[in-house]
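Note sheet for the following structure.
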Amino acid sequence: MPTALITGITGQDGLYLAELLLSKKYEVYGLIRGQNNPKLDLVRNTLPEVKLITGDLTDVASLVRVLEISNPDEIYNLGAISFVAYSWENASLTSDVTGKGVLNILEATRLFAGDDIEKVRFYQASSSEMFGKVQAVPQTESTLLWPRSPYGVAKTFGHYMTINYRESYGMHASSGILFNHESPRRGPEFVTRKISQSVARIHLGLQSEIILGNLDAKRDWGFAGDYVDAMWRMLQQPQGDDYVVSTGEAHSIKEFLNEAFAVVGISDWSKYVKQDSKFMRPAEVDLLIGNATKAKEVLGWEPKVSFSELVQMMVESDVAQQQDLKT
Ligand code: G4F
């Protein structure tokens, strides 16, 4: 039975990945940051088979201890401060966790594995946010990185560190450059879930409007459940490498609104949507769209859920959830 350690187990991707690995008969350990984590009960209730260990990406010694306890064959580093807008207000903390945290777990792995470093396989959750002010459309593994947020800069550091450990120590280290991926488990601070939850509440008469920022920004949105499968496939390859994971389709926030309101039978949503500059960003990334040809050819990976199906899944889930809360 292979063993996997997942950092960021309480997040959307952590849960989907743990489910996938458990279905493949892995023993799964999850790193948690100890006290007062509001999502801990969610993991305990949804996936009681996952073994939780306390540690912190900013503390190398704690990571070495976690590796000694879990003795993993595969490490999935999904832990990060992942809300881009927050990273301008907390740039230093974001750099410590999202950037230097990657170095810490790579170094802890090197210390833990010693001469057996090639036996431990490592996945780094890199991000399309690294492309920022895009230098080519669509973006591939070799497109120049030009991050536009402290979060993007931190992810870029983690991406290059992962490559560096692969090249310096022969580590089986892969970097998945994942474009936006969403689901009913997405946090409500992200725009897709903010919209799906608000549309559900408007439909049920619980809310009158949604206040958003830039409606023209475009994203390449896929389904998180599909994307964790790409992570696993990367670690089954003979060598570590970098892969773009995306749908190859970009849609604007306005298109997301069209689809979401259509699910509850509303075609003209203009009276429900307001804009406020507080949701605008100091620097925006306007056209993220990925070319996942390499993932398709090497990993045999393709997205299964379409944009319309994703929006429908999210709105229907939120309608059901809001109805439950009402009763
Ligand atoms: O949903 P978002 O906050 O996601 P963002 O910034 O693209 O980041 C997500 O995807 C990245 C992959 O590229 C991940 F690395 C990252 O961790 C995260 O998962 O914002 C999407 C777009 C932005 O252009 C933003 O300006 O939506 C626009 N937007 C418009 N109104 C809004 C809002 N975003 C949020 N969060 N809230 C709004 O009211």
Side-chain angles (χ1 to χ4, degrees), residues 7-8 11-14 16 77-90 94 97-99 101-102 124-134 138-139 143 145-159 175-183 185-199 207 209-224 227-228 230-231 244-247 249-257 260 269 272-290 292 307 310-311 314:
T7 74
Q12 163 188 261
D13 295 1
Y16 280 117
N77 186 37
L78 314 185
I81 291 178
S82 64
F83 187 40
V84 177
Y86 172 91
S87 74
W88 275 280
E89 287 154 22
N90 298 276
T94 303
V97 178
T98 305
V102 184
Q124 168 56 19
S126 290
S127 163
S128 58
E129 189 69 17
M130 301 189 305
F131 293 120
K133 187 176 171 188
V134 296
Q139 294 89 46
T143 301
L145 305 179
W146 197 303
R148 294 264 279 175
S149 60
Y151 168 87
V153 173
K155 279 286 179 187
T156 302
F157 174 84
H159 174 67
S175 180
I177 307 174
L178 267 54
F179 282 63
N180 294 50
H181 43 288
E182 318 293 314
S183 76
R185 289 175 174 165
R186 192 58 145 148
E189 67 274 31
F190 297 95
V191 76
T192 54
R193 184 75 198 289
K194 183 173 172 181
I195 294 173
S196 66
Q197 203 173 57
S198 301
V199 166
Q207 186 174 324
E209 61 187 22
I210 319 176
I211 303 174
L212 296 168
N214 179 6
L215 304 186
D216 295 315
K218 288 189 167 180
R219 288 291 187 278
D220 179 332
W221 279 299
F223 171 52
Y227 285 35
V228 297
M231 298 176 189
V244 160
V245 178
S246 65
T247 68
E249 271 180 39
H251 296 274
S252 66
I253 311 288
K254 281 183 186 154
E255 287 172 77
F256 197 101
L257 285 162
W269 44 261
Y272 299 111
V273 177
K274 303 264 177 335
Q275 281 179 282
D276 189 319
S277 58
K278 78 176 178 199
F279 294 113
M280 305 283 185
R281 298 185 176 178
E284 184 59 272
V285 292
D286 283 323
L287 189 50
L288 290 180
I289 174 164
F307 175 66
L310 173 66
V311 181
M314 291 180 71

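It should be emphasised that the depicted structure is a prediction, and the values quoted were computed from it without experimental measurement. Counting starts at 1 for both ligands and their atoms, in listed order.
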field: Verdict with supporting geometry, Thr143 and Val134, side-chain contact (heavy atoms from CB on, under 4.5 Å)
entry: CA-CA 8 Å; Thr143 301; Val134 296; over 6 Å; no
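- No side-chain heavy atom of Gln207 sits less than 4.5 Å from a side-chain heavy atom of Gln197.
- Residues satisfying the salt bridge (charged side-chain N to carboxylate O under 4.0 Å, His left out) test with Glu182, not counting sequence neighbours, are Arg186.
- Closest protein heavy atom to atom 1 (O) of ligand 1: Val191 N, 2.9 Å.
- Ligand 1 places these atoms under 4.0 Å from at least one heavy atom of Glu129: 13 (O).
- Relative ring orientation between Trp221 and Phe307 is described as parallel, the plane-to-plane angle staying below 30° on a 0-90° scale split at 30° and 60°.
- Between the side chains of Ser128 and Gln139, no donor-acceptor pair is found at a separation under 3.5 Å.
- Rounding to the nearest 0.5 Å places CG of Leu178 at 10.0 Å from CE of Met130.
- Ligand 1 places these atoms under 4.0 Å from at least one heavy atom of Phe279: 39 (O).
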Verdict with supporting geometry, Phe190 and Ser82, side-chain contact (heavy atoms from CB on, under 4.5 Å): CA-CA 10 Å; Phe190 297 95; Ser82 64; 3.9 Å; yes
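- Taking a cut-off of under 4.0 Å to the non-hydrogen atoms of Arg186, the atoms of ligand 1 that pass are 9 (C), 18 (C), 19 (O).
- Set against the non-hydrogen atoms of Tyr151, the atoms of ligand 1 under 4.0 Å away are 14 (C), 15 (F), 16 (C), 17 (O).
- For His181, no heavy-atom contact with ligand 1 is shorter than 4.0 Å.
- Shortest contact from atom 31 (N) of ligand 1 to any protein heavy atom: Gly213 N, 2.8 Å.
- Nearest protein heavy-atom neighbour of atom 36 (N) of ligand 1: Glu189 O, 2.9 Å.
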- request: Dump the intermediate steps for side-chain contact (heavy atoms from CB on, under 4.5 Å) on Ile211 and Phe279, then the final yes or no.
  value: CA-CA 8 Å; Ile211 303 174; Phe279 294 113; 3.9 Å; yes
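- Distances below 4.0 Å separate heavy atoms of Ile253 from the following atoms of ligand 1: 22 (C), 27 (O), 28 (C).
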field: Candidate pair Phe179 and Thr247, rule side-chain contact (heavy atoms from CB on, under 4.5 Å), full reasoning
entry: CA-CA 8 Å; Phe179 282 63; Thr247 68; over 6 Å; no
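- Under 4.0 Å from ligand 1, the heavy atoms of Arg219 that appear belong solely to its side chain.
- With a 4.0 Å heavy-atom cut-off, ligand 1 is reached by the backbone of Leu212 and by its side chain too.
- Note that the CZ atom of Phe83 and the CD atom of Glu89 stand 9.0 Å from one another [nearest 0.5 Å].
- Listed by atom number, the atoms of ligand 1 under 4.0 Å from Ser127 heavy atoms are 11 (C), 12 (C), 13 (O), 14 (C), 15 (F).
- Scanning all protein heavy atoms for the shortest distance to atom 5 (P) of ligand 1 gives Asn180 ND2, 3.7 Å.
- Counting heavy atoms under 4.0 Å from ligand 1, residue Ala217 touches it through the side chain alone.
- Those atoms of ligand 1 that come under 4.0 Å of a heavy atom in Ser82, given as number and element, are 16 (C), 17 (O), 18 (C).
- By the 4.0 Å N-to-carboxylate-O rule, Lys274 lies close enough to Glu209 to be salt-bridged with it.
- Close approach of ligand 1 to Phe83 (heavy-atom distance below 4.0 Å) involves ligand atoms 3 (O), 36 (N).
- Nearest protein heavy-atom neighbour of atom 8 (O) of ligand 1: Val84 CG2, 3.5 Å.
- For Thr192, no nitrogen or oxygen atom sits less than 3.5 Å from a nitrogen or oxygen atom of ligand 1, counting backbone and side chain alike.
- Taking all heavy atoms of Met280, Lys194, Arg193 into account, the minimum distance to atom 39 (O) of ligand 1 is reached by Lys194.
- The proximity of Lys155 to ligand 1, defined as any non-hydrogen pair under 4.0 Å, does not occur for either the backbone or the side chain.
- Scanning all protein heavy atoms for the shortest distance to atom 2 (P) of ligand 1 gives Arg281 NH2, 3.7 Å.
- In terms of protein heavy atoms, atom 24 (O) of ligand 1 is closest to Glu284 OE1, 2.9 Å.
- If you check which protein heavy atom lies closest to atom 13 (O) of ligand 1, you get Ser128 OG, 2.4 Å.
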